[in-house]
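The structure appears below as structure tokens.
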Amino acid sequence: MTRCYNFCAGPAALPQVVLEKARDEMLDWHGAGLSIMEMSHRSPEVVGVAQRAEADLRELLGISDDYAVLFLQGGASTQFAAVPLNLAGENDLADYVNTGQWSKKAIAEGRRFTRVNVAASSEDSNFSTIPPRESWQLSADAAYLHYTPNETIGGVEYFWVPEASAPLVVDMSSTILSRPVNVADYGVIYAGAQKNIGPAGLTLVIVRRDLLGRAGDKCPAMLNWQTAADNDSMYNTPPTFALYLAGLVFEWLKEQGGLAAMERLNRRKAGKLYAAIDSSAFYANPVEVQSRSLMNVPFTLADDALDKQFLAEADAAGLLNLKGHRSVGGMRASIYNAVGEDAVDALIAFMQDFEQRNG
Ligand SMILES: *Cc1c(COP(=O)(O)O)cnc(C)c1O
């Protein structure tokens, strides 16, 4: 068996040792005579798996008891609606910052449920920048301020936390667990699992407890964070297998030395790849240097007529899923936690060889 290097933006690569452990436990989980997928979510086994996953996640991110940790479904996209439904009435005002395709989707969905003020946008720079905080036009009475710390498609990442009086609500889908964050800076952190947490089907919401209980009567029970918190994320059947796999990923992250160690590795991986792009006249990355994502690295070739050949040869070399998002074209290498430095080295060697033959 040969496992390829996988640069998919999501669902993304998972650590091989996690997959091996899941394989070994697949038919008979810890001597239970069943797979974990086949057990009641109310069983002590599955409840234990969920509790351990939450405890490990709390340890990794340093999440205090002031915050509830919710394991939900529906992806980050469902939270685009859940955020206003839980935090703002129809006539309230919410501030949003638009730095790319995922911000835009959050804004469009937010508008269905509350009044939205787009406080700043980098659309004029084709989403290659982050508007400086001084330029943001925040509302005096916003229910919350929503932004996207890492734009997965444009490859733009915040390395600072904006100052604001409203609670910060952030879509961390593609940056969570890639480096330490100070959870206390935020009101709500949410993320789809399929980038840096585990398989698709699980959604993480970390919410400051004083922000619970604000949803109106019309908020569906399945979107109500208070309902989820009151029921330990088991108001209905949770995605038990995805939760189990996420728990294995959290254990793996602890074994790697936690998020400070991941940050060192991720900075080294991204640093090498950007250096290779910048030192060549053949490859280019459009993002302002101080906002370049550690997780998603888009790049273009000097001649886009070569894109197809690049992708075909990369595939043949075992470097998969490098095609850029359809909205921006070019290439994108997603180098999440589970994508090792060896994968980045192999990509750089391939890029340099391709340039030599075609540049
Ligand atoms: C992938 C992604 C989403 C969409 O997540 P789903 O779980 O598919 O709904 C939203 N926001 C960001 C930043 C993402 O990377």
Side-chain angles (χ1 to χ4, degrees), residues 6-14 70-86 96-112 121-123 127-128 130 144-159 161-162 168-179 181 186 188-206 220 222-223 225 228 233 238-239 241-243 245-246 249 266 270 287 291-298 321 323-328 332-339:
N6 182 8
F7 299 95
C8 192
L14 285 162
L70 310 176
F71 294 116
L72 308 175
Q73 299 183 66
S77 302
T78 297
Q79 295 308 313
F80 294 164
V83 164
L85 282 166
N86 279 277
Y96 281 74
V97 177
N98 180 16
T99 49
Q101 303 303 327
W102 289 117
S103 297
K104 275 179 141 179
K105 286 199 165 171
I107 289 166
E109 195 74 345
R111 284 205 164 105
R112 294 171 186 269
S121 171
S122 58
E123 194 149 18
F127 297 126
S128 62
I130 294 173
Y144 58 87
L145 166 59
H146 180 285
Y147 70 100
T148 312
N150 185 65
E151 288 281 359
T152 320
I153 293 170
V156 177
E157 182 164 359
Y158 290 70
F159 294 96
V161 178
L168 301 180
V169 176
V170 288
D171 172 4
M172 277 202 189
S173 295
S174 50
T175 175
I176 194 157
L177 300 174
S178 67
R179 54 191 172 96
V181 293
Y186 306 96
V188 181
I189 295 171
Y190 65 93
Q194 66 274 20
K195 280 80 183 223
N196 244 350
I197 296 175
L202 180 72
T203 313
L204 172 68
V205 176
I206 302 166
M222 282 297 293
L223 300 189
W225 297 332
S233 302
F241 191 69
L243 187 47
L245 268 176
V249 170
N266 287 327
V287 179
S291 306
R292 284 173 160 183
S293 170
L294 297 182
M295 294 286 102
N296 309 98
V297 182
N321 293 312
K323 195 174 183 341
H325 190 269
R326 58 188 185 281
S327 66
V328 294
R332 173 177 47 171
S334 293
I335 49 175
Y336 298 115
N337 284 340
V339 178

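Read the numbers this way: they start at 1 and go in the same order the structure lists the ligands and their atoms.
With 3.5 Å as the limit, one finds no donor-acceptor pair spanning the side chains of Asn266 and Tyr336. In this model, no donor atom of one side chain and acceptor atom of the other lie less than 3.5 Å apart for Thr203 and Gln79.
Looking from atom 2 (C) of ligand 1 to the surrounding protein, the closest heavy atom is Lys195 NZ, 2.5 Å. For atom 11 (N) of ligand 1, the nearest protein heavy atom (residue, atom name, distance) is Asp171 OD2, 2.6 Å. Residue, atom and distance of the protein heavy atom nearest to atom 9 (O) of ligand 1 are Ser77 OG, 2.6 Å.
Between Gly74 and ligand 1, no N or O atom pair is found at a separation short of 3.5 Å. Polar contact check, Thr152 against ligand 1: a nitrogen or oxygen pair lies under 3.5 Å apart.
Between the side chain of Asn296 and the backbone N or O of Ala9, no donor-acceptor pair lies under 3.5 Å.
For Val339, the side chain to side chain contact (heavy atoms under 4.5 Å, CB included) criterion is met by Phe7, Ala13, Ile335, Ala343, not counting sequence neighbours. Lys104 meets the salt bridge (Lys or Arg N to Asp or Glu O under 4.0 Å) test with Glu123; sequence neighbours excluded.
When heavy-atom distances to ligand 1 are checked against a 4.0 Å cut-off, Thr78 has no atom that comes that close, whether in backbone or side chain.
Distances from ligand 1 to the non-hydrogen atoms of Asn150 include at least one value under 4.0 Å.
The nearest non-hydrogen atom to atom 7 (O) of ligand 1, considering only Glu151, Gln101, Gln194, Met172, comes from Gln194.
With respect to Tyr96, the ring pair (Phe, Tyr, Trp, His ring centres under 6.0 Å) criterion is satisfied by exactly one of Tyr144, Phe80, Tyr147, Trp102: Tyr144.
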